[in-house]
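See below for the structure under consideration.
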2 protein chains.
Amino acid sequence: MAETRELTKNQALVFGVLSKADGPLSAYSMLDQLREHGFRAPLQVYRALEKLVEFGLVHRLESINSFVACTHPHDHSHGLIAFAICETCGAVDEFSDEIVEQRLTGWSRNNNFQLAKTTIEMRGVCANCSSA
Amino acid sequence: MAETRELTKNQALVFGVLSKADGPLSAYSMLDQLREHGFRAPLQVYRALEKLVEFGLVHRLESINSFVACTHPHDHSHGLIAFAICETCGAVDEFSDEIVEQRLTGWSRNNNFQLAKTTIEMRGVCANCSSA
DNA sequence: ACCTATAATGTAATAACATAACGATCAGGA
DNA sequence: TCCTGATCGTTATGTTATTACATTATAGGT
Ligand SMILES: [Zn+2]
Ligand SMILES: [Zn+2]
Ligand SMILES: [Zn+2]
Ligand SMILES: [Zn+2]
C-alpha cells in the first residue's frame, strides 16, 4: 500500500536530516543542522517529528531521547517493533517478533490492560563493533 | 536470597519516598518531598537513585522519565522485566516473561548483538481505570 | 472571489530532566 | 594514624520538551 504522503516543508527538512544520518539524532542536534535552513526554535523540530512519528516514518527511541528514520520505509504498517541500539556506534537495528507481540498482548488480555503502545529497546554492542 | 543491604541516609530517604508512593515519581518530585529533610539539589536524588537502581530496589521507567520501587522486594535477582504503565492513574505492573526473554536473547545471539540491558514498557489503561 | 475551518508555522519564554566540576566529609583497613 | 574509596553538599550548567500566543498557509464549500 505504501501510500505516498505529502510532507510539509519543515517535515521534509527534518525527515531529510534524519534519513541522511547513520543513526539516531536528538531533536536539538537536528535543530542545529537546520539552522542554516531557517530553523530557529526547538518547536519547529518537535512539531515535525510529531507528525513523522504519526506517519510511521520516524521512531522515537525512549531510552536515549532520540529519533531515528524507519528502516522499513515501504511498510509503515508495522505492529510491535523492537530496537537493538549499539551503545558504541549508535547503529539501530529495527525488527519485529510475532511471538513477543503475542506474549505481551496475551498478558494484557489476561490482566485487562488496554494496551496502547509498547516500547522494546535493547542496548548493547552491535556485531560490527564487537568484532572490531 | 534477599541479601539485606545497608542504605545510606540519602538512599534510605529516597527509597522511603518511592516506597510510600502508589506509583512512579520523577526525580524532581522526590526532591520536592525531601526538601523538608534537608535536600537542596537534584544530584542528591539522582545519586541515591543510581545506587538504588544498581541494588535492584528501584527501576527506572524510560518512557516516562520516572522511577518506581520494585514490587518484588524479596527477589532482586530478576532478569528481564516488563512494565505495564497505566496512563490514567499511573499504576505500574511489573512482570517477567520467560518466552519474551528467550526471543530477545535469541535475536541477539543470531545477530551477534551483545545485549547489555533491555527495556520493555507497555502503556495503556489498567483494569481498575477501564472498569470505572 | 469570498468565507471559513483546519493545519502548519514563527517566536519567545519557560518547564522538566540530568550531569559536570569541585571540594568536604565519612568509614574502614593497612 | 594514614591512606583510600565512597558518599555528600553546593553551584553551575547542559540537555530535552512544552506552553502560550500570534500569524500564515491550505483546502472546501458557497
Ligand atoms: Zn519502522
Ligand atoms: Zn556498533
Ligand atoms: Zn523489580
Ligand atoms: Zn489505572
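In what follows, chains carry the letters A, B, and so on, assigned in the order in which the sequence lines appear, proteins first and then strands, with residues in each chain numbered from 1. Below, all heavy atoms of this structure are taken into account, side chains as well, without hydrogens, waters or symmetry copies.
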Nearest-Å distance, CD (A:E6) to C1' (C:dA7)?
15 Å
Do the side chains of B:L57 and B:F15 get nearer than 4.5 Å, heavy atoms only?
yes
N or O in side chain of A:Q44 less than 4.0 angstrom from C:dT9 OP1/OP2:
no
Between B:G38 and A:S29, which has a closest nucleotide on DNA chain D that is more 5'?
B:G38
Hey, quick one: are B:V58 and B:L13 part of the same hydrophobic cluster, counting side-chain heavy atoms closer than 4.5 Å, chains of contacts allowed?
yes
Using the closest heavy atom to pick a nucleotide of DNA chain D for each, name whichever of B:N10 or A:I64 lands nearer the 5' end.
B:N10
Whole-Å distance, B:Q11 CD to C:dC26 P, equals 17 Å
Under a plain distance cut-off of 3.5 Å, with no hydrogens placed, do B:T119 and A:E121 share a side-chain donor-acceptor pair?
no
Using a 4.5 Å cut-off on heavy atoms from C-beta on, say whether the side chain of B:V45 contacts that of B:N10.
no
Output yes when A:E62 and B:R123 qualify as a salt bridge under the 4.0 Å nitrogen-oxygen rule, no when they do not.
yes
Could you go through nucleotides 18-25 of chain C and list every protein N or O atom that sits under 3.5 Å from one of its N or O atoms, giving the distance for each pair?
unit_1, atom_1, unit_2, atom_2, d
C:dA18, OP1, B:R60, NH2, 2.1
C:dA18, OP2, B:Y46, OH, 3.0
C:dA18, O5', B:Y46, OH, 3.4
C:dA18, N7, B:Y28, OH, 2.7
C:dA18, N6, B:Y28, OH, 3.2

Could you go through A:R47 and A:E50, starting from their C-alpha distance and side-chain angles, then the distance that decides it, and tell me whether this counts as salt bridge (charged side-chain N to carboxylate O under 4.0 Å, His left out)?
CA-CA 5 Å; A:R47 286 203 275 230; A:E50 182 183 22; over 6 Å; no
Between A:S19 (side chain) and A:V17 (backbone), is there a donor-acceptor pair under 3.5 Å?
no
With under 30° as parallel and over 60° as perpendicular, where do the rings of A:Y46 and A:F67 fit, or are they tilted in between?
perpendicular
Give me the first and last nucleotide of DNA chain D, going 5' to 3', that has any atom under 4.0 Å from a heavy atom of chain B.
D:dT7 to D:dT11
Between atom NZ in A:K9 and atom C1' in C:dT9, what is the gap in whole Å?
9 Å
